[in-house]
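Every value quoted in this text rests on a predicted model; they were computed, and no experiment measured them. So you know, we letter chains A, B, ... as the sequences are listed, proteins then strands, and number each from 1.
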There are 2 protein chains.
Amino acid sequence: MPTSAEKTPARWESLPSWLLTQTANHAHRLVAEAFSSVGARGYHYRLLATLEECGPASQAALGRRSGIHLSDMVAAVNELADRELVERAPDPSDRRRNIISLTAAGKRQLRQLEKKLAAGQDELLAPLSPEERQRFTELLSRLLDHHTRRTGTPDEPWR
Amino acid sequence: MPTSAEKTPARWESLPSWLLTQTANHAHRLVAEAFSSVGARGYHYRLLATLEECGPASQAALGRRSGIHLSDMVAAVNELADRELVERAPDPSDRRRNIISLTAAGKRQLRQLEKKLAAGQDELLAPLSPEERQRFTELLSRLLDHHTRRTGTPDEPWR
DNA sequence: CACAATCGTTAGTCGTCCGAACGGTTCGTT
DNA sequence: AACGAACCGTTCGGACGACTAACGATTGTG
């Protein structure tokens with residue numbers, strides 16, 4: 001079998017779910033490496049970005065907006081607070097809450113992460129032409145929208 | 001802005017890497033749920049499919065062909081062997097190796113998993129037209145190909 | 001023969017996602 | 001005013017996929 005054993009077409013390799021999850025792994029790896037080069041990971045970026053976008057908020061609110069599970073917020077906020085990228089202060093008007101806010105250093109870090117992120121996108125989409133990139137993200141958006149709408153949005157007060 | 005706090009467009013939500021990983025999560029969830037309904041997970045399917053495709057082989061060879069890390073093969077094969085979907089026998093010609101082979105029950109299970117998988121694909125791509133599905137998988141294939149070619153293929157003997 | 005490479009195995013890590021539980025706090029109703 | 005429901009932060013743990021390090025046993029090769 002000098003030559004026959006080499007090829008491994010593997011029939012599942014053309015399945016959308018396979019293509020999707022594997023490509024996502026590469027994407028994740030690219031971004032994670034970029035982030036870790038400045039000592040951060042995905043949750044940190046999401047948190048910082050959400051904070052800048054919506055302003056100071058409680059952990060629960062941040063979690064909902066950034067899609068991070070409440071259970072994981074504690075550690076993520078701790079890590080950010082340890083590096084003083086974020087500040088945790090009690091809410092005087094509701095003693096259950098901590099109000100998380102972005103520090104100047106946090107904002108700088110966010111700029112760094114955004115730079116890394118942008119580079120990552122480019123590396124990720126390298127083999128695609130601008131038009132293809134657009135179609136790709138458009139299709140992805142439709143898919144994601146469809147599925148989050150069906151399962152992932154229990155926040156609507158539906159009223 | 002009594003109403004401005006509701007919306008959370010979140011600027012990262014249009015990034016390809018985000019769309020990709022999130023959509024992949026949904027895909028993974030769909031497939032995992034389908035698999036777990038017959039007591040299996042991704043590794044099991046990959047192993048069974050590879051076995052059927054390439055015939056009996058050592059764990060290391062199987063791992064290479066199915067993209068499963070050697071360290072994770074032990075557990076996966078154990079789980080399959082416990083359910084008698086697979087057989088582990090010593091290789092007489094090389095006592096380091098175990099030869100893994102598919103049982104009749106394993107083949108039946110594989111059929112089940114394939115059925116589940118196909119249903120999952122359909123659910124995943126539900127919002128897309130047939131043409132869109134094709135373009136989508138084509139773009140994904142190009143991306144995945146590009147990235148695995150660059151990083152994921154240390155098997156080449158590059159002789 | 002001695003050394004390098006391979007095989008199976010064990011035991012960990014990491015990141016993302018998720019569920020269960022609990023004490024403390026606030027709010028809506030009565 | 002009081003009570004129960006709902007919410008907040010927190011801790012613990014688990015699933016899954018991917019990955020690293022190390023080790024004994026075996027093999028093949030210089």
Original post:
Is the phosphate of D:dG17, meaning OP1 or OP2, less than 4.0 Å from a side-chain N or O of B:R41?
Top reply: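 Checking D:dG17 against B:R41, a side-chain N or O does come within under 4.0 Å of OP1 or OP2.
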**OP:** May I ask you to verify if any side-chain N or O of A:Q22 is less than 4.0 angstrom from the OP1 or OP2 atom of D:dG17?
**Re:**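 No, because none of the side-chain N or O atoms of A:Q22 sits under 4.0 Å from OP1 or OP2 of D:dG17.
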Original post:
Between A:Q121 and A:R133, do the side chains contain an N or O donor and an N or O acceptor separated by less than 3.5 Å?
Top reply: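 Checked: A:Q121/A:R133 side chains show no N/O donor-acceptor pair below 3.5 Å.
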Subject >> By side chain to side chain donor-acceptor pair (under 3.5 Å) - contacts of B:E138 (at least two apart) >> reply: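 By the side chain to side chain donor-acceptor pair (under 3.5 Å) rule, B:E138 matches no residue at all.
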**OP:** Apply ring pair (Phe, Tyr, Trp, His ring centres under 6.0 Å) to B:F35 and list each qualifying residue two or more places apart in sequence or on a separate chain.
**Re:**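 Applying ring pair (Phe, Tyr, Trp, His ring centres under 6.0 Å) to B:F35 gives B:Y45.
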Taking side-chain contact (heavy atoms from CB on, under 4.5 Å) as the definition, give me every residue that meets it alongside [X], ordered by chain and number, with sequence neighbours left out.
X     : answer
B:E33 : B:R29
A:L30 : A:E123, A:L124, B:H147
B:A32 : B:H28

**OP:** Sequence neighbours left out, what pairs pass salt bridge (charged side-chain N to carboxylate O under 4.0 Å, His left out) with at least one residue falling in residues 75-85 of chain B?
**Re:**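 Non-adjacent pairs meeting salt bridge (charged side-chain N to carboxylate O under 4.0 Å, His left out): B:R41-B:E79.
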Rounded distance (Å) that lies between atom [atom2] of [N] and atom [atom1] of [X]:
X     : N      : atom1 : atom2 : answer
A:H26 : D:dG17 : NE2   : C1'   : 13 Å
B:Y43 : D:dA15 : OH    : P     : 15 Å
A:L62 : D:dC7  : CG    : P     : 18 Å
A:L30 : D:dA18 : CG    : C1'   : 15 Å

Subject >> Closest-nucleotide ordering on DNA chain C, the 5'-leading residue of A:D91 and A:H28 >> reply: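 It is A:H28, whose closest nucleotide lies nearer the 5' terminus.
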**OP:** Tell me which of A:S93 and A:A32 sits closer to the 5' end of DNA chain C, going by the nucleotide each one is nearest to.
**Re:**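 Nearer the 5' end of the strand: A:A32.
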**OP:** Pick base, sugar-phosphate or nothing for A:N25, based on heavy-atom distances below 4.0 Å to the nucleic acid.
**Re:**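 The residue A:N25 makes sugar-phosphate contact but no base contact.
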Subject >> Span of DNA chain C, from the first to the last nucleotide whose atoms fall under 4.0 Å of chain B heavy atoms >> reply: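 Listed 5' to 3', the contact boundaries are C:dA5 to C:dC17.
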Give the table of side-chain donor-acceptor pairs shorter than 3.5 Å for residues 69-76 of chain A, with sequence neighbours excluded, one pair per line with atom names and distance.
residue: A:H69; atom: ND1; partner: A:S71; partner atom: N; Å: 3.1
residue: A:H69; atom: ND1; partner: A:S71; partner atom: OG; Å: 2.9

Subject >> Heavy-atom pair of closest approach, residues A:T148 and B:H26 >> reply: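 Smallest interatomic distance, heavy atoms only, reads CG2-NE2, 3.3 Å.
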Please produce a list of atom pairs where a protein N or O lies less than 3.5 Å from an N or O of nucleotides 8-10 of chain D.
residue: D:dC8; atom: OP2; partner: A:R64; partner atom: NH1; Å: 3.2
residue: D:dG9; atom: OP1; partner: A:Q59; partner atom: N; Å: 3.1
residue: D:dG9; atom: OP1; partner: A:N98; partner atom: N; Å: 3.1
residue: D:dG9; atom: OP1; partner: A:N98; partner atom: O; Å: 3.4
residue: D:dG9; atom: OP2; partner: A:A60; partner atom: N; Å: 2.5
residue: D:dG9; atom: O3'; partner: A:N98; partner atom: ND2; Å: 3.3
residue: D:dT10; atom: OP1; partner: A:N98; partner atom: ND2; Å: 3.4
residue: D:dT10; atom: OP2; partner: A:Q59; partner atom: OE1; Å: 2.9
residue: D:dT10; atom: OP2; partner: A:Q59; partner atom: NE2; Å: 2.9
residue: D:dT10; atom: OP2; partner: A:R88; partner atom: NH2; Å: 3.4

